[in-house]
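Chain letters run A, B, ... following the sequence lines, proteins first, then strands; residues in each count from 1. The model shown is predicted, which means the values in this text are computed figures rather than measured ones. Side chains are part of it too, since the values below use all heavy atoms of this structure and drop only hydrogens, waters and symmetry mates.
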Number of protein chains: 2
Amino acid sequence: MSSRREVSLAERKRQLVADELTEAALQLLALKGFDVVTVDEIVGAAGVSKRTFFRYFASKEDVVVQFLADMGTGMCAELAARPAGERPSAALRHAVWVPLGECADHSDRALRVVQLILDTPALLARFLERQAQWRDDLAAELARREGLDAATELYPRLAAGMALNAFDAVLHRWSSSDGTADPAALTDEAFAVIAPSLDARVRRG
Amino acid sequence: MSSRREVSLAERKRQLVADELTEAALQLLALKGFDVVTVDEIVGAAGVSKRTFFRYFASKEDVVVQFLADMGTGMCAELAARPAGERPSAALRHAVWVPLGECADHSDRALRVVQLILDTPALLARFLERQAQWRDDLAAELARREGLDAATELYPRLAAGMALNAFDAVLHRWSSSDGTADPAALTDEAFAVIAPSLDARVRRG
DNA sequence: GCCTCTCGTGACACCGAGTGTCAATGCGAT
DNA sequence: ATCGCATTGACACTCGGTGTCACGAGAGGC
């Protein structure tokens with residue numbers, strides 16, 4: 001009777017520490033600001049050592065950004081799961097909605113994180129760095145869907161970039177409205193702007 | 001005979017130190033890689049103190065990114081200088097071409113810098129951070145041109161983002177082709193993709 | 001010519017992020 | 001009971017970046 005499920009005790013302990021760490025970090029960072037809070041302060045609140053913090057997160061920025069990072073992978077997965085016949089604008093809209101929907105659902109927590117990221121240059125930089133990775137993944141998947149060569153065609157990269165642009169714009173407006181704006185409506189509005197380029201099929205006959 | 005022109009001797013000395021510093025930095029960073037070269041190494045080669053380095057550049061990343069940074073301001077200035085009647089796609093294409101033309105002209109130096117930035121995560125992050133600023137500036141100017149309200153309309157921000165997306169895509173392809181690809185042709189190709197959305201006048205009557 | 005006043009610089013101490021290393025602890029399996 | 005493995009804390013260390021101060025070299029007033 002070593003383990004009831006596949007998850008061992010050690011694994012649950014690991015998750016517990018990670019949660020405790022992110023909890024303490026977000027609490028402090030959102031309250032006092034990113035650059036005035038030190039890692040020692042965070043680990044003091046969480047009750048672990050500084051070394052342990054960096055075993056869970058690659059950097060001080062990561063503890064915030066990783067909150068949004070998983071959403072990015074969900075986004076790429078959603079694009080891959082969309083039906084083959086769907087137009088790029090529709091498929092990308094659904095993909096981008098995955099993380100945005102998460103934000104809308106857990107608006108209490110998510111809003112604070114998003115505002116913190118968008119208002120802190122260092123966090124914004126790391127966030128954009130992650131997005132660059134998402135863009136490459138989206139572009140690869142998009143090239144596969146449309147039967148294009150991502151190495152020679154510019155469309156996949158540009159289309160993925162446009163979708164992420166819409167994502168950013170929605171996030172920004174949602175953040176600056178303190179969560180009162182409707183993410184779904186904003187997303188529709190943004191995709192209405194970029195759809196003409198996403199769906200133009202002037203290339204490849 | 002204190003100064004031939006308005007530039008004082010002190011001012012020329014300042015520029016000299018800045019040039020010496022960027023020269024030494026780019027030489028070392030491009031040769032050995034960004035993260036293995038320390039600031040002490042750079043200032044040793046330039047013959048100044050570490051403290052002086054940080055009087056000229058805000059960070060180790062800045063010495064590389066600032067090379068491209070001035071181009072960004074030139075880009076925004078160009079957009080503001082374009083004729084009022086010009087379509088957004090044409091105006092933005094000319095704006096984006098300012099920095100790209102600079103790269104094409106000084107391809108020997110520029111190519112190494114661009115490749116260094118695109119291959120180094122930390123530099124890429126800082127670069128994207130700068131671009132976010134450019135995007136806001138472009139969006140504001142675009143809103144002024146088109147008589148839109150940047151606070152309520154998504155178009156200005158999205159259009160600026162698309163233009164910078166094209167910029168990035170061209171830079172990326174130019175870099176990965178080791179400068180053999182033609183930036184002008186790539187720019188045309190990229191703007192052909194995004195133009196439908198840039199010039200769609202379905203909004204605001 | 002001299003005397004300031006300022007500005008750029010170097011030297012030094014200092015803080016915080018991040019890493020390598022090692023000893024201790026605790027769980028799982030035999 | 002014991003061995004092996006993973007996690008942790010403590011410590012020392014590197015490096016990026018900043019505050020402070022004293023020094024020296026130009027620019028202007030007398």
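Listed by chain and number, the residues in a side-chain hydrogen bond (donor to acceptor under 3.5 Å, both in side chains) with A/Asp105 amount to none (sequence neighbours excluded).
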Give every pair of a protein N or O atom and an N or O atom of nucleotides 6-8 of chain C that lie under 3.5 Å apart, one pair per line with the distance.
none

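A salt bridge links A/Arg82 with A/Glu78: at least one charged nitrogen is closer than 4.0 Å to a carboxylate oxygen. A salt bridge links B/Arg109 and B/Glu23; the closest N-O separation between the charged side-chain nitrogens and carboxylate oxygens is under 4.0 Å. A salt bridge is defined here as a Lys NZ or Arg NE, NH1 or NH2 lying under 4.0 Å from an Asp or Glu carboxylate O, and A/Arg12 with A/Asp19 fails to meet this definition.
Interface residues of residues 18-31 of chain A facing DNA chain C, ordered by number: none; criterion, heavy-atom separation under 4.0 Å.
The line from CZ of A/Arg157 to CG of A/Asp136 is 6.0 Å long, rounded to the nearest 0.5 Å.
Ring geometry, B/Phe127 versus B/Phe167: the interplanar angle falls from 30° to 60°, so the pair is classed tilted.
Considering only side-chain N and O atoms, B/Thr52 lies under 4.0 angstrom from the phosphate OP1 or OP2 of C/dG10.
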- [ ] Determine, for nucleotides 14-19 of chain D in 5'-to-3' order, which nucleotides have protein heavy atoms under 4.0 Å from the base (write B), from only the sugar-phosphate (write S), or from neither (write -).
- [x] -SSBBB

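As rounded to whole Å, 15 Å separates atom C1' of D/dT8 from atom CG of A/Leu16.
Nearest heavy atoms, A/Met75 versus A/Ala95: CG-O, 3.1 Å.
The salt bridge (Lys or Arg N to Asp or Glu O under 4.0 Å) contacts involving residues 171-191 of chain B comprise B/Arg93-B/Asp188, where partners must be two or more places apart or lie in separate chains.
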TODO: Take A/Arg126 and A/Val64, measure what side-chain contact (heavy atoms from CB on, under 4.5 Å) needs, and give me the verdict at the end.
DONE: CA-CA 10 Å; A/Arg126 294 274 185 166; A/Val64 183; over 6 Å; no

Show me the side-chain donor-acceptor pairs of residues 34-48 of chain B shorter than 3.5 Å, one per line, residues at least two apart or across chains.
unit_1: B/Thr38; atom_1: OG1; unit_2: B/Glu41; atom_2: N; d: 3.2
unit_1: B/Glu41; atom_1: OE1; unit_2: B/Thr38; atom_2: N; d: 3.4
unit_1: B/Glu41; atom_1: OE2; unit_2: B/Lys32; atom_2: NZ; d: 2.5

